[in-house]
Amino acid sequence: MQRFSHLSQAVWIILSLCLLLVVGILMVQVPSLETSFKSMNHTLLLPWLLQNGGDKPAISTWIALLVAAGGLLFVNTVCCTWCTFITRLRRRGTGLPMSQLLIIAIHVLLLLMLVGHVLNFTWGEKYTPFELFAGEEHPFGNGYTLKAEKLDLTVDPELLSNSTDRRFQSLSPQEFNVHDNTATLALYRNGRLLARQNARYLGPLDSGPIKGIIQEFFSPPGDRRVGIRLLVIENPAAEPLFLIYILMIVCTLGYALLTWKKIPAYTSGEAE
């Protein structure tokens, strides 16, 4: 395990992940790939790959490289944690300093974070997007219902009309203010109210594993009414993953405070 536990390996893997993310951003700008990337937002990653992966080799290869880099980082972190910190703890037979315990916690949280992202992409459900006007509701999943109780809008419906060639996402902040245009959404399960929140573009309804994301506001041609197009995601891993991120930040800040202007207690050849 020692040969896979070096810091230099972790640095190269992380740089590779960053490069792959940059490549992904550039791929989205390619018109022939943009639609495929958007279709991934309507389902989980694994079902999308099984259905479309063979027809989109560029995207499939990019995802495979991303997963491989994440897997290598997982292996490197496991080896680093075991060979350096756990072994040191067993040899000492006594407790480690707080700084060492925090760095162990950071490594463990990183492992949980990587596992959480895998679950985030493969576990749960992304339901087919649907449209609602004020007062309408839509059933989905296991007894859930999402209702648009009220739309508070300041935007000119003409700007949102499907008869125009402009896309909702292309509207300027002056034409569409995300804070002034909101929707009051109510989430029910088997007739029982679970949550009632004011959602907006880039500000979804968030209730446990359920997220109701407003993809866009729209207005039918020749109609002054404005509706919303929603994507609902049911993801049990979302909240634990968010908690892991918070704990990671806390542990990292604690480690930085304890080791401020101090030489680390381990060498780059020993640990990640």
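Starting from 1, each residue takes its place in the sequence as its number.
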Legend entry - Glu239: partners by salt bridge (Lys or Arg N to Asp or Glu O under 4.0 Å), with sequence neighbours left out: none

Legend entry - Partner set under salt bridge (Lys or Arg N to Asp or Glu O under 4.0 Å) for Lys211, not counting sequence neighbours: Asp206

Inset, instruction - Would you indicate whether the side-chain heavy atoms of Ser99 and Tyr255 approach each other to under 4.5 Å? - result: yes

Legend entry - Test item: Tyr188 and Leu194 side chains (from C-beta on) under 4.5 Å apart, heavy atoms: no

Legend entry - Nearest-0.5 Å distance, CD1 of residue Ile106 to CG of residue Leu111: 12.5 Å

Inset, instruction - Search all heavy atoms of Ala199 against all heavy atoms of Pro204 and return the closest pair with its distance. - result: CB-C, 4.1 Å

Legend entry - Euclidean distance, Phe242 CZ relative to Leu247 CG, rounded to 0.5 Å: 10.5 Å

Legend entry - Student check: side-chain heavy atoms of Val30 and Glu34 closer than 4.5 Å: no

Legend entry - Glu149/Arg196 ion pair, N-O < 4.0 Å: yes

Inset, instruction - Considering non-hydrogen atoms only, spot the tightest contact between Leu132 and Leu146 and give its length. - result: CD1-O, 3.8 Å

Legend entry - Exam field: side chain Gln29 to backbone Leu26, donor-acceptor pair closer than 3.5 Å: no

Legend entry - Verdict with supporting geometry, Phe140 and Thr145, side chain to side chain contact (heavy atoms under 4.5 Å, CB included): CA-CA 6 Å; Phe140 66 92; Thr145 300; 5.9 Å; no

Legend entry - For Lys56, all residues meeting side chain to side chain donor-acceptor pair (under 3.5 Å), sequence neighbours excluded: Ser36

Inset, instruction - Give a yes or no on whether the backbone of Pro236 and the side-chain of Trp123 come within a donor-acceptor separation of less than 3.5 Å. - result: no

Legend entry - From CG (Leu72) to CD1 (Ile14), nearest 0.5 Å: 12.0 Å

Inset, instruction - Taking the side chain as every heavy atom from C-beta outward, state whether Asn181 and Asp152 have any atom pair closer than 4.5 Å. - result: no

Inset, instruction - Report the distance from atom CG of Leu230 to atom CD1 of Ile233, rounding to the nearest 0.5 Å. - result: 11.5 Å

Inset, instruction - Apply the test side chain to side chain contact (heavy atoms under 4.5 Å, CB included) to residues Leu241 and Leu119: give CA-CA distance (whole Å), side-chain angles for both, the deciding distance (0.1 Å), then the verdict. - result: CA-CA 9 Å; Leu241 185 59; Leu119 294 176; over 6 Å; no

Inset, instruction - Take atom CZ of Phe133 as the centre, draw a 6.0 Å sphere, and report whether it contains more than 12 heavy atoms from other residues, nucleotides or ligands. - result: yes

Inset, instruction - Output the distance between atom CG (Leu50) and atom CG (Leu45), rounded to the nearest 0.5 Å. - result: 9.5 Å

Legend entry - Cluster overlap Ile249 with Val108, hydrophobic side-chain contacts below 4.5 Å: no

Legend entry - Cluster check Val23, Ile13: I/L/V/M/F/W/Y, side chain < 4.5 angstrom: yes

Legend entry - side chain to side chain donor-acceptor pair (under 3.5 Å) partners of Glu234, counting only residues at least two apart: Tyr127

Inset, instruction - Would you mind reporting whether Met248 and Met113 have side-chain heavy atoms less than 4.5 Å apart? - result: yes

Inset, instruction - Please work out whether the ring planes of Trp62 and Phe37 are parallel, tilted or perpendicular, with thresholds of 30° and 60°. - result: perpendicular

Inset, instruction - State, to 0.1 Å, how close Met98 and Leu258 come at their nearest heavy-atom pair, and which atoms those are. - result: CG-CD1, 3.4 Å

Inset, instruction - May I ask whether Val118 and Val67 are part of the same hydrophobic cluster, defined by side-chain heavy atoms of I, L, V, M, F, W, Y residues being less than 4.5 angstrom apart, directly or through others? - result: no

Legend entry - Closest non-hydrogen atom pair, Ala237 against Gly116: CB-O, 4.4 Å

Inset, instruction - Report yes if the side chains of Val28 and Leu33 come closer than 4.5 Å at any heavy-atom pair, otherwise no. - result: no

Legend entry - Any side-chain heavy-atom pair of Leu21 and Leu66 under 4.5 Å: yes

Inset, instruction - Could you tell me whether the side chain of Leu185 reaches within less than 4.5 Å of the side chain of Gln197, counting heavy atoms only? - result: no

Inset, instruction - Can you see which heavy atom on Pro129 is nearest to which on Leu231, and at what distance? - result: CG-CD1, 4.1 Å

Legend entry - side chain to side chain donor-acceptor pair (under 3.5 Å) involving His179 - partner list, sequence neighbours excluded: none

Legend entry - Leu73 and Thr77: CA distance, side-chain angles, deciding distance, side chain to side chain contact (heavy atoms under 4.5 Å, CB included) verdict: CA-CA 6 Å; Leu73 183 60; Thr77 306; 4.2 Å; yes

Inset, instruction - Could you tell me the separation between the NE2 atom of His117 and the CG atom of Leu112, rounded to the nearest 0.5 Å? - result: 11.5 Å

Inset, instruction - Show the numbers, then the answer: is there a side chain to side chain contact (heavy atoms under 4.5 Å, CB included) between Ile228 and Glu131? - result: CA-CA 6 Å; Ile228 51 176; Glu131 299 174 353; over 6 Å; no

Legend entry - Donor + acceptor pair across side chains of Thr184, Asn198 (<3.5 Å): yes

Inset, instruction - Without swapping roles, check the side chain of Ser219 against the backbone of Arg225 for a donor-acceptor pair under 3.5 Å. - result: yes

Inset, instruction - State plainly whether one hydrophobic cluster holds both Leu253 and Ile244, where clusters connect Ile, Leu, Val, Met, Phe, Trp and Tyr through side-chain heavy atoms under 4.5 angstrom apart. - result: no

Legend entry - Minimum-distance pair of heavy atoms, taken over all atoms of Ala69 and Leu17: CB-CD2, 3.5 Å

Inset, instruction - Can you sort out the partners of Arg189 under salt bridge (Lys or Arg N to Asp or Glu O under 4.0 Å), two or more places apart, ordered by chain and number? - result: none

Inset, instruction - Group every Ile, Leu, Val, Met, Phe, Trp and Tyr by side-chain heavy-atom contacts under 4.5 Å, then state whether Val250 and Tyr245 land in the same group. - result: no

